[in-house]
Amino acid sequence: MAGVLVALVAGQATANAATLRWANDGDVGAMDPYTRQETVQLSFLSNIYEPLVRWNRDLKLEPALAVSWEQTSPTVWRFKLRDGVKFQDGTPFTADDVVFSFGRILAPSSLMRAPMGPVKEIRKVDAHTIDIETKLPDPILLQELTNFFIMSKAWCEAHNATVPVQIEASKEENFAVRNAMGTGPFRLVLREPDRRTVVERNPDWWDKPLHNLDRVEFSVIGSAATRVAGLLSGELDMIYTVPPQDMDRLAKTPGLKLWQTNELRTVFLGMDQSRDELLKSDVKGKNPLKDVRVREAFALAIDEPAIAARIMRGQAHPTWEMWGPGINGYNAALDKRPAVDLARAKQLLAEAGYPNGFRITLDCPNDRYVNDEAICTAVVSMMARIGMKVDLNAQTKSKHFGEINPPKNNTSFYMLGWTPATYDAHNALYALVGSPNGQRGEVNDGRYSNPTIDALIDKISVETDQAKRNAMIDDTIKIMQKDVAYIPLHQQVIVWASKANVDLAQMPDNYFPYRYVNVK
């Protein structure tokens, strides 16, 4: 075990360098920020690439590549860009890079189109001024811009990477998949997919560093036991995913520290409600999941409180909403999960024409969420109690996302998790719930569709009266719950562990910004 760790995390830093060595169970999908809308990838790349506006450690918006902004009309925002900023290859950052990045993020092959969906156009005013015009008034434009990472037009053109590739759908690559060139506090120096990725401090960063790091070595260690052993032995300084069963042990170990906070992510189960025949089922000629009685039966069979108590060991908040506390639009009064009712579930299946249940495959990651495969294994057993025969297909997140996400959507029943990047329910509604139309519903992998919700999403996106806006969000919750559009499970607790001499900022969106890390 120790030999494996040495091979994975052996560093090249000098004795005097401040180096952080950390590990996670899953890798970053690609170095291209437009290839996956997923926290681990966007978190890692936020250390290399930067947006116009960013979140600080208190989750307050602050200037980044833009220094100021104002609305010149209800649908036009003028941004003054930061002068003197350079990409890590020395190329000056200008308005041309923002306009280019907007076109690139909206390419059909991009999986980051949804956050920029409300934007009609980005226009260059001068070298350091742009106008962003939205299709309609947008009350959360600034929040939506926080994951719009700006890429170098010159670098992309020089390396034939002007359009992102769909890493989830094929083995196609371009230069930006394994290489990076941003304006941020760190620059990429080594990329070994599924093994190790190394960045070093950008000495020409425009901002004042609050960290003392010269080098960060990120290792992929799939085994929870091996990650924990690496921290205990001192070969790792921090681990990003701590198994609940190891929390007490690490908390009681001298020289180590546990970091905990409630995460904004909701883990849920989705169902194919679009195809006329399920891809992964023994039911031929029809799709049982189009029947709300079947979806309700699934929900009534799943004992989420037992999952939270036993599998998550109390480190989860059971929910019946697609967004939780900390997200604008969460309503505790509507977060009332129905109690497990096996008799009712069997009755519903029988009424729908499946008195003996049927066979279906559950697609699940095994390295993305806390105890994800164990949760799915429990769901398989719970579903068996109502006669359902569920085959578990658990695999690494890269394969899982490639299976369930567009363009394949090769799934019938699946696990996914979502953190609204804007800290507003509209993000989840737009990405997960709205009927897919090329931008909206980008991660609606089961292709749930309800015209009433689509109309509400359009209204929510432009409503500036907060009370009216939240009332409409409540309406969407009630419709989704009645439809059993999804089966929400829980919001998990983020648990990291580090050496006691490591100081960092743990964000409830599970981002890990190196710019706040100090190794004493």
Side-chain angles (χ1 to χ4, degrees), residues 29-30 34-39 41 106-115 117 164-172 266-292 294-295 298 322 358-369 372 376 379 390-418 427-451 453-454 457 480 483-489:
Y34 305 161
T35 56
R36 181 184 285 169
Q37 194 171 169
E38 187 244 349
T39 298
Q41 176 158 312
L106 290 185
S109 54
S110 166
L111 289 185
M112 287 294 294
R113 298 189 305 276
V165 297
Q166 290 194 339
I167 59 170
E168 309 292 11
S170 69
K171 297 187 182 300
E172 181 184 3
T266 297
V267 178
F268 60 89
L269 300 175
M271 297 157 284
D272 180 355
Q273 300 170 56
S274 173
R275 291 184 176 92
D276 292 330
E277 179 179 306
L278 292 177
L279 295 178
K280 301 179 179 181
S281 170
D282 64 355
V283 178
K284 302 305 177 186
K286 64 172 75 172
N287 179 349
L289 294 175
K290 286 188 174 185
D291 192 323
V292 67
V294 175
R295 301 195 298 272
F298 279 28
M322 290 295 287
F358 55 90
R359 183 175 294 277
I360 193 170
T361 296
L362 172 59
D363 291 305
C364 182
N366 59 16
D367 61 355
R368 179 60 191 93
Y369 314 115
D372 41 17
C376 288
V379 168
V390 181
D391 299 314
L392 178 58
N393 178 34
Q395 51 189 344
T396 62
K397 66 178 183 179
S398 58
K399 293 180 179 178
H400 175 70
F401 292 145
E403 185 87 349
I404 73 169
N405 284 342
K408 286 185 177 180
N409 290 125
N410 188 26
T411 187
S412 298
F413 187 31
Y414 61 92
M415 171 185 274
L416 195 60
W418 193 259
N427 173 267
L429 286 167
Y430 193 85
L432 297 172
V433 185
S435 302
N437 65 357
Q439 290 185 335
R440 185 186 63 209
E442 191 171 64
V443 200
N444 182 351
D445 296 329
R447 286 162 296 175
Y448 165 76
S449 180
N450 186 308
I453 284 188
D454 292 340
I457 292 172
M480 282 188 287
D483 285 353
V484 195
Y486 289 96
I487 303 175
L489 296 177

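On a predicted model such as this, the values are computed, not experimentally measured, just so you know.
Under a 3.5 Å cut-off, the side chain of R36 and the backbone N or O of L111 do not form any donor-acceptor pair. With R359 contributing its side chain and D391 its backbone, the two residues share no donor-acceptor pair below 3.5 Å. Proximity of a side-chain donor or acceptor of N393 to a complementary backbone N or O of L362 within less than 3.5 Å is not detected. Remark: side-chain polar atoms of E442 are not paired, donor with acceptor, to backbone N or O of A431 under 3.5 angstrom. Y414 places no side-chain N or O within donor-acceptor distance of the main-chain N or O of N405, the cut-off being under 3.5 Å. Here the side chain of R113 pairs a donor or acceptor atom with the backbone of P108 at under 3.5 angstrom. Looking only at distances, a side-chain donor or acceptor of Y369 sits under 3.5 Å from a matching main-chain atom of G417. Without hydrogens or angle criteria, D367 side chain to K397 main chain gives a donor-acceptor distance under 3.5 Å. The closest donor-acceptor contact from the side chain of Q41 to the backbone of A30 lies under 3.5 Å.
Taking CG of L278 as the reference point, atom NZ of K284 lies at 9.0 Å (rounded to 0.5 Å). With values rounded to the nearest 0.5 angstrom, M322 atom CE is found 11.0 Å from N427 atom CG. Going from atom CG of D454 over to atom OG of S449 covers 5.5 Å, rounded to the nearest 0.5 Å. The distance from atom CZ of R295 to atom OH of Y448, rounded to the nearest 0.5 Å, is 7.5 Å. Expressed to the nearest 0.5 Å, how far CZ of R447 lies from CZ of R275 amounts to 4.0 Å. Note that the CG atom of L289 and the OG atom of S274 stand 11.5 Å from one another [nearest 0.5 Å].
The pair K290-D276 counts as a salt bridge, with a side-chain nitrogen and a carboxylate oxygen less than 4.0 angstrom apart.
Between Y430 and Q439, some side-chain heavy-atom pair lies under the 4.5 Å cut-off. Residues L432 and F268 form a side-chain contact, since some pair of their non-hydrogen atoms from C-beta on lies under 4.5 Å apart. Residues M480 and L429 have side chains in contact (heavy-atom distance under 4.5 Å, counting atoms from C-beta outward). Using a 4.5 Å heavy-atom cutoff, the side chains of D483 and N450 are in contact. P488 places none of its side-chain heavy atoms less than 4.5 Å from the side chain of V267. Considering only heavy atoms from C-beta on, F358 comes within 4.5 Å of V294 through its side chain. The shortest side-chain heavy-atom distance between W418 and Q37 falls under the 4.5 Å cut-off.
The one candidate from T361, T411, D272, D363 that meets the side-chain hydrogen bond (donor to acceptor under 3.5 Å, both in side chains) condition with K280 is D363.
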Discussion item. If you apply the rule side chain to side chain contact (heavy atoms under 4.5 Å, CB included), what do you find for M415 with L269, and how did you get there?
Written reply: CA-CA 5 Å; M415 171 185 274; L269 300 175; 4.0 Å; yes

